[in-house]
Number of protein chains: 2
Amino acid sequence: MSVGRETRLSAWIERFAAHFAEEGIPLIGGRILGYLLVCQPVERTAAELSQELEASSGSISTNLKYLVNVGLVTKRTRRGRQAAEYRINEKAWTDFIQRKFDAIASVQTLTDDGMRLLSGDPERSMRLRTVDKLYGWLSEELPALWERRPAAPK
Amino acid sequence: MSVGRETRLSAWIERFAAHFAEEGIPLIGGRILGYLLVCQPVERTAAELSQELEASSGSISTNLKYLVNVGLVTKRTRRGRQAAEYRINEKAWTDFIQRKFDAIASVQTLTDDGMRLLSGDPERSMRLRTVDKLYGWLSEELPALWERRPAAPK
DNA sequence: GATCCCTTTCGGTCGACACTGAAACTATCG
DNA sequence: CGATAGTTTCAGTGTCGACCGAAAGGGATC
């Protein structure tokens, strides 16, 4: 007997969360992301997420705040509804990746400063130069690559 | 009265270590990296690093092991010398970055699996599709970009 | 204004991990 | 085969952060 689609989806959500946990996103935050990517209907309240993901209301609140803050999740309040509704903001995923690229490219300022401190000592700055060159190249190419990214569909 | 070059270099090392601490590398590991990038002479023993960075021998040992393991530092032993000498392996920095790229591209397999689970339900898979497309593009472009990376000198 | 429902805040617990320093281990030299 | 110099292992400590659940906070309806 085969397992149902929903069961497999929740296993998928767990894998999804595990991946982002390695990148420093709290497990529950990752679960929220994965869940909001595939749930039907697309909008959920904090209470529903708490029940569905078996996490405390506090954890859900903290993580939603974080996710809304970085833009990956959107909060919507409606008149006549006490509960706010949350949904994935899949278009913000590009910003999420861009921040990663920026983090990589930002090392270049660091290596650059180091090179300045060692100026006039070519012998000693050889090692740093190799690293600086690499990051210099990256901080040229990554933004250029990013320009060519495909437009998100409406 | 201006501060000496060595003083400014140790401040730089601290900034360097702080950056990589945000990426999950232990502070002492980052200090070792920064220090080995600019020290003169280029090779140091564990004992010297311990003294210079004011870290316990245990921490130095653990972190050197880790850094040697990921290839960023090279260990050299010599006959007639009881102390091993460590030096930066600046050429391995490319692998270090490539691992980051691989981590990003690997999400594509995840989103892909998710898409398969939702196959036959285009309505529901819309959100995931947007993310999947983005990672699909990245896992095409990042390796291609990497091919064009400048060769390390010597 | 009172009640209800949902969300956020907050104190507390738990586990993970960086770090330390001493003890065990290894290799070199006399 | 000591003696010595250096490195690694390991148990213990402290810190940090994720998570929980209860209490406080804030709207909405009556």
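Lettering of chains follows the sequences in order, A, B, ..., and the numbering in each one begins at 1. Just so it is clear, the structure is predicted and the values come from calculations on it, not from any experiment.
Using a 4.0 Å cutoff to heavy atoms of chain B, the contacted part of DNA chain D runs 5' to 3' from D:dA5 to D:dT9.
The salt bridge (charged side-chain N to carboxylate O under 4.0 Å, His left out) contacts involving residues 135-151 of chain B comprise A:Glu141-B:Arg148, where partners must be two or more places apart or lie in separate chains. Applying the salt bridge (charged side-chain N to carboxylate O under 4.0 Å, His left out) test to pairs two or more places apart or on separate chains, those with a residue in residues 122-132 of chain A are A:Arg124-B:Glu6. Among residues at least two apart or in separate chains, ring pair (Phe, Tyr, Trp, His ring centres under 6.0 Å) pairs with a member in residues 100-123 of chain A are A:Phe101-A:Trp146. The ring pair (Phe, Tyr, Trp, His ring centres under 6.0 Å) analysis of residues 2-40 of chain A, with sequence neighbours excluded, yields the pairs A:Trp12-A:Phe16, A:Phe16-A:Phe20. For residues 12-40 of chain B, the set of pairs meeting the salt bridge (charged side-chain N to carboxylate O under 4.0 Å, His left out) definition, not counting sequence neighbours, comprises A:Asp113-B:Arg15, B:Glu14-B:Arg31, B:Glu23-B:Lys100.
When the side-chain contact (heavy atoms from CB on, under 4.5 Å) test is applied to A:Ser50, the partners found at least two apart in sequence or on another chain are A:Ile60. Residues passing the salt bridge (charged side-chain N to carboxylate O under 4.0 Å, His left out) test with B:Asp112 are B:Arg116, sequence neighbours excluded. Applying the side-chain contact (heavy atoms from CB on, under 4.5 Å) test to A:Arg76 and every residue at least two apart in sequence or in another chain returns A:Glu43, A:Arg78, A:Glu85.
The overall bend of the helix from C:dG1-D:dC30 to C:dG30-D:dC1, read as the angle between its terminal helix axes built from five base pairs each, is 10° when rounded to 10 degrees.
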Pairs under 3.5 angstrom only: tabulate donor-acceptor contacts from the side chains of residues 62-75 of chain B to other protein residues two or more places apart or in another chain.
unit_1, atom_1, unit_2, atom_2, d
B:Thr62, OG1, B:Gly58, O, 3.0
B:Asn63, OD1, B:Gly29, N, 3.3
B:Asn63, ND2, B:Ser59, O, 2.9

Nucleic acid footprint by protein, nucleotides 7-19 of chain C - heavy-atom cut-off 4.0 Å, B for base, S for sugar-phosphate alone: SBB--------SS
Derivation and outcome, side chain to side chain contact (heavy atoms under 4.5 Å, CB included), residues A:Leu53 and A:Arg44: CA-CA 12 Å; A:Leu53 300 175; A:Arg44 290 293 147 103; over 6 Å; no
